[in-house]
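To start, the structure itself, in structure tokens.
Being a predicted model, the structure only gives us computed values, none of them experimental.
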Amino acid sequence: MKASEEIMAVWRKFDGFPMETLTKAWLYSKRGNRKQRDVETMKQHREVFGVTGNCFDLAIWLLDAFKEAGIKAYPIGSELGTGDDHAAVMAVDRIGRRFLCDLGDQWLQPILIDGDDEAYTDEKLAGFFPGAEVQVLPENDHFQVVYHRPNGKFSTQVYSSLPVPMEEFLAAADYSQSHVYPKPLLEIRLPWGNEIAHWEFDDWKSFLSTSHGLVEDPPLETIDEWVARIHEKSGYDKTLLKESLEYFKGLSKSPLS
């Protein structure tokens with residue numbers, strides 16, 4: 001179920017890249033361009049401020065990296081242009097096998113989606129998603145992923161496996177970048193013991209998802225405290241973080257000081 005080394009070589013370039021909406025809010029606070037950034041601009045922001053972006057940013061950036069490496073890849077998505085959309089990438093190896101590459105949901109590595117391939121299994125698998133085992137269940141032009149958590153709970157997500165035309169994908173990206181959901185979000189893969197866990201800052205709470213369950217962080221009361229915590233986890237520029245979080249504070253009328 002694992003991808004080829006050439007696909008993994010590209011994927012590893014994005015180790016330590018968070019998925020987040022903080023950069024979008026920071027751009028809004030500057031009254032800058034509220035459309036999808038191109039890859040060159042994203043690279044510049046990464047170099048100067050340490051930031052990445054949301055699922056569309058990461059998908060477009062990953063597509064560019066695959067293209068540069070000579071690997072066939074195309075965008076996929078669900079509920080595009082609705083505000084509840086999600087963007088990811090499908091990479092295709094030299095023999096035509098398709099692999100889900102989802103930086104937006106912070107997968108540890110790509111996973112095979114072709115049910116007729118000899119390497120395919122519908123068994124629960126560890127090592128693909130932080131803090132959970134996964135099953136991939138293909139069905140015609142879509143596939144379902146079942147996430148099995150250590151507490152016995154599970155959740156599901158359905159992906160379309162069909163390519164989204166790039167013009168349509170970029171239009172959905174523009175729509176996403178022109179709307180800021182009022183609850184801030186950052187997710188990142190972080191080392192924890194002998195595994196890679198999933199740390200999440202979501203609506204002024206933060207926690208770590210591990211193979212042993214959820215580890216909640218102590219609550220914080222000020223923007224400056226959140227800036228320090230998020231900087232520690234992500235390395236993001238502190239001034240950018242403060243400006244972004246202040247913007248979110250105004251949107252949600254948070255009681256934070």
Side-chain angles (χ1 to χ4, degrees), residues 1-17 19 55 58-80 85-166 168-169 187 189 191-198 209-212:
M1 296 288 279
K2 294 182 179 180
S4 65
E5 182 53 40
E6 64 178 356
I7 289 175
M8 286 303 302
V10 174
W11 177 265
R12 291 190 192 105
K13 293 179 181 180
F14 295 84
D15 286 349
F17 273 47
M19 188 288 298
C55 62
L58 294 172
I60 289 168
W61 202 336
L62 182 59
L63 284 167
D64 183 76
F66 278 134
K67 181 179 180 180
E68 186 176 333
I71 296 170
K72 180 181 177 181
Y74 57 84
I76 60 172
S78 61
E79 300 186 71
L80 296 181
D85 38 16
H86 182 66
V89 171
M90 197 75 77
V92 185
D93 69 12
R94 293 182 182 274
I95 59 175
R97 301 188 306 162
R98 298 172 298 170
F99 293 86
L100 169 68
C101 302
D102 193 343
L103 290 170
D105 275 350
Q106 293 289 288
W107 282 66
L108 299 174
Q109 60 178 309
I111 193 166
L112 180 72
I113 69 149
D114 293 317
D116 58 355
D117 190 271
E118 62 181 12
Y120 170 79
T121 177
D122 62 2
E123 297 294 318
K124 293 186 292 186
L125 299 172
F128 286 91
F129 194 85
E133 295 179 315
V134 297
Q135 285 177 288
V136 176
L137 306 175
E139 296 181 34
N140 299 322
D141 58 0
H142 65 278
F143 60 99
Q144 182 177 219
V145 176
V146 184
Y147 304 87
H148 297 269
R149 307 289 177 179
N151 57 7
K153 293 183 179 180
F154 69 91
S155 59
T156 62
Q157 183 173 4
V158 176
Y159 292 85
S160 169
S161 54
L162 299 176
V164 178
M166 202 61 193
E168 180 182 332
F169 191 74
E187 303 176 28
R189 295 160 288 175
W192 187 79
N194 296 320
E195 65 180 278
I196 302 297
H198 178 276
S209 298
T210 77
S211 62
H212 299 282

(message) Using the ring pair (Phe, Tyr, Trp, His ring centres under 6.0 Å) definition, which of the options F154, F128, F129 pairs with Y147?
(response) F129
(message) Is it the case that over 12 heavy atoms from other parts of the model lie below 6.0 angstrom from the CD atom of E5?
(response) yes
Would you give the length of the straight line joining atom [atom1] of [X] to atom [atom2] of [Y], rounded to the nearest 0.5 angstrom?
X: Q106; Y: I196; atom1: CD; atom2: CD1; value: 11.0 Å
X: N194; Y: T210; atom1: CG; atom2: OG1; value: 12.0 Å
X: L100; Y: Q157; atom1: CG; atom2: CD; value: 8.5 Å
X: K2; Y: I7; atom1: NZ; atom2: CD1; value: 14.0 Å
X: I76; Y: D141; atom1: CD1; atom2: CG; value: 11.5 Å
X: C55; Y: D105; atom1: SG; atom2: CG; value: 8.0 Å

With a 4.5 Å heavy-atom cut-off, do [X] and [Y] have their side chains touching?
X: S78; Y: H86; answer: yes
X: V145; Y: W107; answer: yes
X: F66; Y: C101; answer: yes

Tell me the closest heavy-atom pair linking [X] and [Y], and the distance in Å.
X: P150; Y: G131; value: CD-O, 3.3 Å
X: A69; Y: V10; value: CB-CG2, 3.6 Å
X: L63; Y: M166; value: CD1-CE, 4.1 Å
X: E187; Y: G104; value: OE1-O, 4.3 Å
X: L162; Y: Y74; value: C-CE1, 4.0 Å
X: F14; Y: R189; value: O-NH2, 2.9 Å

(request) Would you check, one step at a time, whether the test side chain to side chain contact (heavy atoms under 4.5 Å, CB included) holds for W61 with L103? (result) CA-CA 10 Å; W61 202 336; L103 290 170; over 6 Å; no
(message) Has E133 got a side-chain atom pairing as donor or acceptor with H148's backbone, closer than 3.5 angstrom?
(response) no
(message) Under a 3.5 Å distance rule, please check whether E195 uses its side chain to pair with a backbone N or O of S211 as donor and acceptor.
(response) yes
Can you give me every donor-acceptor pair (side chain of residues 108-121, partner residue at least two apart or in another chain, under 3.5 Å) with its distance?
from, atom 1, to, atom 2, distance (Å)
Q109, NE2, G127, O, 3.0
D114, OD1, R98, NE, 2.8
D114, OD1, R98, NH2, 2.7
D114, OD2, R98, N, 2.8
D117, OD1, A119, N, 2.8
Y120, OH, V136, O, 2.5
T121, OG1, E123, N, 3.1

